[in-house]
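Inspection log for the structure reproduced underneath, given as structure tokens.
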Amino acid sequence: MANDPVSRHTGSGSPRAAATYTILLRDFTATVSLAGHSGRHTVHISLELKVSHPGLGFPDDITAVMSYEDIVEDLRRLCAEEMVPGPDYLADRTVALCMAQPKVRHVRVDVELPSLLPDTAGAGVTIMRNRDAEH
């Protein structure tokens, strides 16, 4: 499947639609220090990135395609910050990290922390941003 143009579809078929592909990063897990709370708490971050397609043939060349490894490294640094205000801060910063990558057209970020309330399993936030809507 590496460079097979049949199995690596380049878009919707519309001549006006920019070809994209989707990268999923599910359940990145780290511990964070939450402002106002003692200890470290486990956070789960999931990403859906719509990325500009490099063109016909979809090369397995890291310079031509989006690598999620850089974003994972950024997430590790973000979660290592001394005091994180909450899941909304983490989601907003994660969106900014993703949108700093020029190939990213759209991002959805889900951040969830275990709930501090006894009757809920988790609490979190989802943020979506579309580069095309910024102009």
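Predicted, not measured: the structure shown is a model, and the values here were computed from it.
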Just how far is it from atom CD1 of I71 to atom CD of E73, taken to the nearest 0.5 Å?
-> 11.5 Å
Rounded distance (nearest 0.5 Å) linking atom NZ of K50 with atom CE of M128 = 11.5 Å
Other residues, nucleotides, ligands: >12 heavy atoms within 6.0 Å of Y68 OH | no
d(I127 CD1, R108 CZ) to nearest 0.5 Å is 11.5 Å
Which pair of non-hydrogen atoms, one from V107 and one from V104, has the smallest distance, and what is that distance?
-> CB-CG1, 4.4 Å
Flag, side chain of S46 to backbone of D27, donor-acceptor distance under 3.5 Å | yes
Identified side-chain contact (heavy atoms from CB on, under 4.5 Å) partner of E48 from the options L24, L25, I23 = L24
Are any of the side-chain heavy atoms of T31 and T42 separated by less than 4.5 Å?
-> yes
Please report the closest heavy-atom contact between R131 and Q101, naming both atoms and the distance.
-> NH2-O, 2.9 Å
What are the two closest non-hydrogen atoms of P87 and V125, and how far apart are they?
-> O-CG1, 3.4 Å
Verdict with reasoning, T126 to D110, per side chain to side chain donor-acceptor pair (under 3.5 Å) = CA-CA 4 Å; T126 297; D110 301 309; 2.5 Å; yes
Does any non-hydrogen side-chain atom of S33 lie less than 4.5 Å from one of E82?
-> no
Minimum heavy-atom distance between G86 and L34, given as atom pair plus value = CA-CD2, 4.1 Å
Please report the closest heavy-atom contact between I45 and C79, naming both atoms and the distance.
-> CD1-SG, 4.1 Å
Hits for salt bridge (Lys or Arg N to Asp or Glu O under 4.0 Å) against D92, two or more places apart or cross-chain, chain-then-number order -> R129
Answer with yes or no whether the hydrophobic clustering places V72 together with L78; edges join I, L, V, M, F, W, Y residues whose side-chain heavy atoms lie under 4.5 Å apart.
-> yes
Separation between CZ (R93) and CG (L75), nearest 0.5 Å, reads 10.5 Å
What residues form a salt bridge (Lys or Arg N to Asp or Glu O under 4.0 Å) with R40, not counting sequence neighbours?
-> none
Working to the nearest 0.5 Å, report the span between CG of L90 and CD of E112.
-> 12.5 Å
Indicate the atoms forming the closest heavy-atom contact of M83 with A35, along with that distance.
-> SD-CA, 3.6 Å
